[in-house]
Each structure stands twice: as C-alpha cells, then as structure tokens.
Amino acid sequence: MDFTLSPTVEDYRARIAAFVADEILPVEADRATFDPHENIRLDVLDALRAKAKAAGLWCLQLKPETGGQGLGKVGMAACYTEMNRSIFGPVVFNSAAPDDGNMMVLEALGTPEQKRRWLDPIVSGAVRSAFAMTEPHPGGGSDPSMIETRAERGPDGRYRIFGRKWFITGAEDAAHFILIARTSDDPRTGLTAFLYHRDQPGWHIARRIPIMGPEEHGGHCELIFDGLEIAPEDVLAGEGKGLKVTQVRLGPARLTHCMRWLGLAMRCVEIAQGYAAERKGFGVRLADRESVQLMLGGLAMDIEIGRLLVMRAAWELDQGRFARKEVSMAKVHVANLLHRAADIGIQINGARGYSKDTVLEWIYRYARQARLVDGADEVHRMVLNRHLESEGRGFFAWPVAP
C-alpha cells in the first residue's frame, strides 16, 4: 500500500485547501450566513458553489464522463478531509451526504436513461436528493432485512408503495429520492430500490424530526407512503437487487463520512491550539501545561490512526474489493475520534468553547450522531467479530503483491 498522492491529487488538495481558507472560512465566521437550522444559507451557498465550479473543484469524486475528475477513493480521502476544515465545506463542492452517496450509486448502477434523468440534475447542483431506507420500529434500521415498506406490483407492471420511513436526511429539500422497499420475503432478493420525484402523488412528509445537532439542508424527516406509483423503468439495478444497492451505496458512503470527519477533528485541534497558545492562567500559557500537551498529543496520534485506517479502506476499495472490515474499523474509530476531538477542544477553550464564538459546540452536537449514522458502533464491532471468527489469524494478514 502506497498512500503517496499523485501530483494531480495533490494539486486538487492544495487548491481545495486554499479555497476553504479564502472563500469558505470567512463565510462560516459570519453567523448571518447561517440558516435557521445552523447550516449555510442557500443564497450564500449558491454563490460559493458557482465559485467552486469556476475553479474546477466540483464533484471531483465522479468519473470524467459523469462530470467529475475520477479521483478514486484514496484521492477522495485526501480532498474530502481538506474540504471539511470548514463545517460548510463539503456541500460547497457537491461532496456532502446524502447527495454524494446517491450520485456514486446512480453512477455505478443506473442505466443511461436513469443517469440522464436522475443523476445529471444532482451532479449539476440543480436538485438535491435523499436515500429513504431507515424505518421506525419494528421496521429496518441497521438491519435492512427488517424493512417493512412494501412495493406491490400491479398487472400493468407499475409498483405501488405502502409504508413509513424516518430520519431521511435532506428529504424536505430533496427532489430526487432512492427508496428501498420490500417486493418479496426472500432474505436475499426481497428488497428493491426505486427512483421517484418529490412531485409524484402517493406519499408525503409527516414531519421534520427535531434533532439535537445542526441539520443538513432538508433536515431529517418522517415519510408516509400510501400508494406512491413507480414505473418499472424507475427500478434501480432490477427487482430484487435492493440489498446490492444498499451495499454499493453504504460501504463507500460510510468511508466518505470518515474522510470528512477527519477534517472536522483536525479543525478542533486547530482551534484548541490557537487558544492554548494565547490564553494564560496562573502565569502560564495553556500550551505550556503538560495536561494540555497530553490531550493535544494524544488527539494528534488518534487522528493519524484514523487517517491510516481511512486510507487503508480507501485503497482496498480502489482495488475493487468491498473492504467491509476495513470500512467498519475506520467508521468506529473516526466516529469516536470526532466526538473526542470536539470534547477536548471545548475543554481547552473553557467557556469560550461552550459558547457559539467558535464552531466547536456545533461540531460537538453534530459529532454525537456519528456513532449512530450508517451503522451504530456496536453493529460494526459485531461485523468485525464475524470476520475474526471466520478468518482467525487471517484477519490480520498483510496484503500480498501478485
């Protein structure tokens, strides 16, 4: 494994870093640019997105024929971390969830016509999207086999959807949806992925669920399906392939979360270091206190461990493998790292960290969900234990060149 960045990737990384510093951080520092849900106001976002497009920093994760630059997962890891030095960074470059994962799965599995109709508008930034999978009890959460939303196929070949979804990120502002519903009770081929537009009748948003943290654009919503009709041509990857769709989408999506969270963790260190270098107590700078040095040194080490885990998983994906255990290890470590980084940043900053004078408290509230989204910590540890049981000492095998 060689994580040396190519000159092309390094050029993108450096230009992203400069764009974040020059264009996005000044906007983030002005609370007037925040919307009521503590995300960037859409009019401000549109202006920044136009600048990012003009700078050639748009949708870098996609293939050139789709409108991207084909960076690969290792290149994405370097660039996504740089983007999320700002809390507003990823959405400016059209690399934020859930659009990011939806674009990648449509690129991988969509037909040419589906890409034209459903993918291209997301790539251009004309619309936003959502992925509707999670359900309230007793439906599916981390276990998609529990999904209860059903798709009934009529004599005309069209499907009618009945059920309920919740915590669907971005749903209030989304125009394009990927919906996972049950078409049979088969444990492997019982799920199917459907594409639909917000203007189609037969569904509605029951509520925007209030959450602890700042929210993505469009919030986290509960959806009711009471007869939504979907044509056969809007089935993604074929009937019964819903589990494959979730696997193709969620594995890389979990890792892209980690890439971005590393950027936020590094930002927490940056803010803590800046304050510790200036603030004095009892005649001594905080930066000169051993307790503060131990906190920051340990955090720096944990960030580097996270970077290596993410790069290893990204490298595995670039080799064409699923990297399930590598992604699970990265997800657990980086999610907990982000929460700890925000906590330490607040502790070093004292009352300032607890206030809204910095973005530390924003990151702290956002970070708590990291240990839940795309699989709770406990689920990923169970996955790792299954690998350990089946592989034995092979769990720790080194990659070997052919």
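Results of the side chain to side chain contact (heavy atoms under 4.5 Å, CB included) test with Leu338 over Leu262, Ile363, Ile303 single out Ile363 as the only residue that passes.
Under a 4.0 Å N-O distance rule, the pair Arg31/Glu38 qualifies as a salt bridge. Taking 4.0 Å as the cut-off between side-chain N and carboxylate O, Arg41 and Asp43 count as a salt-bridged pair. The pair Glu222-Lys165 does not count as a salt bridge, with every side-chain nitrogen at least 4.0 angstrom from each carboxylate oxygen. In this structure, Arg158 does not pair ionically with Glu152, as no charged nitrogen and carboxylate oxygen lie closer than 4.0 Å. Between Arg260 and Asp100 a salt bridge is recorded (basic side-chain N to carboxylate O distance below 4.0 Å). Taking 4.0 Å as the cut-off between side-chain N and carboxylate O, Glu107 and Lys63 do not count as a salt-bridged pair.
The backbone N or O of Val284 sits nowhere less than 3.5 Å from a side-chain atom of Asp288 that would complete a donor-acceptor pair. Looking only at distances, no side-chain donor or acceptor of Glu148 sits under 3.5 Å from a matching main-chain atom of Gly140. One N or O on the side chain of Thr81 and one on the backbone of Ala77 form a donor-acceptor pair closer than 3.5 Å. Distance alone, capped at 3.5 Å, places no donor-acceptor pair between the Glu326 side chain and the Trp315 backbone.
In this structure, Ile344 CD1 and Cys268 SG are separated by 9.5 Å, a value rounded to the nearest 0.5 Å. From Ser328, atom OG reaches atom CG of Leu384 across 5.0 Å, with rounding to the nearest 0.5 Å.
Sorted by first and then second residue, the ring pair (Phe, Tyr, Trp, His ring centres under 6.0 Å) pairs with a member in residues 326-357 read His339-Tyr364; sequence neighbours excluded. The list of ring pair (Phe, Tyr, Trp, His ring centres under 6.0 Å) pairs with a residue in residues 380-402, not counting sequence neighbours, is empty. Within the structure, the ring pair (Phe, Tyr, Trp, His ring centres under 6.0 Å) test picks out the following pairs touching residues 29-87 (sequence neighbours left out): Phe34-Phe88. Sequence neighbours left out, the pairs with a member in residues 90-127 that pass ring pair (Phe, Tyr, Trp, His ring centres under 6.0 Å) are Phe19-Phe93, Trp118-His176.
Seen from the ring of Phe131, Arg249 counts as a face-on cation partner, given the 6.0 Å and 45° thresholds.
Other residues, nucleotides and ligands place no more than 12 heavy atoms under 6.0 Å from the CD atom of Glu290.
Arg307 pairs by the salt bridge (Lys or Arg N to Asp or Glu O under 4.0 Å) definition with Glu304, not counting sequence neighbours. For Gln319, there are no side-chain hydrogen bond (donor to acceptor under 3.5 Å, both in side chains) partners two or more places apart in sequence or in a different chain. By the side-chain hydrogen bond (donor to acceptor under 3.5 Å, both in side chains) test, Thr149 is found to be paired with Glu135, residues two or more places apart in sequence or in another chain being considered. Looking at residues two or more places apart in sequence or on another chain, you find no side-chain hydrogen bond (donor to acceptor under 3.5 Å, both in side chains) involving Arg324. Annotation: ring-ring contact (aromatic ring centres under 6.0 Å, His included) contacts of Tyr12 (sequence neighbours excluded): none. In this structure, the side-chain contact (heavy atoms from CB on, under 4.5 Å) partners of Asp120, at least two apart in sequence or on a different chain, are Arg116. Scored by the side-chain hydrogen bond (donor to acceptor under 3.5 Å, both in side chains) test, Tyr159 finds Arg153, Glu239 as partners (sequence neighbours excluded). Applying the ring-ring contact (aromatic ring centres under 6.0 Å, His included) rule to Phe225 yields the partners Tyr196; only residues at least two apart in sequence or on another chain are considered.
Taking 4.5 Å as the limit, some side-chain heavy atom of Asn94 sits within range of a side-chain heavy atom of Met103. In this structure, the side chains of Trp166 and Arg207 come closer than 4.5 Å at one or more pairs of heavy atoms.
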Give the C-alpha distance, both sets of side-chain angles, the deciding distance and a yes or no for salt bridge (Lys or Arg N to Asp or Glu O under 4.0 Å) between Arg371 and Asp377.
CA-CA 6 Å; Arg371 291 159 54 196; Asp377 289 358; 3.7 Å; yes
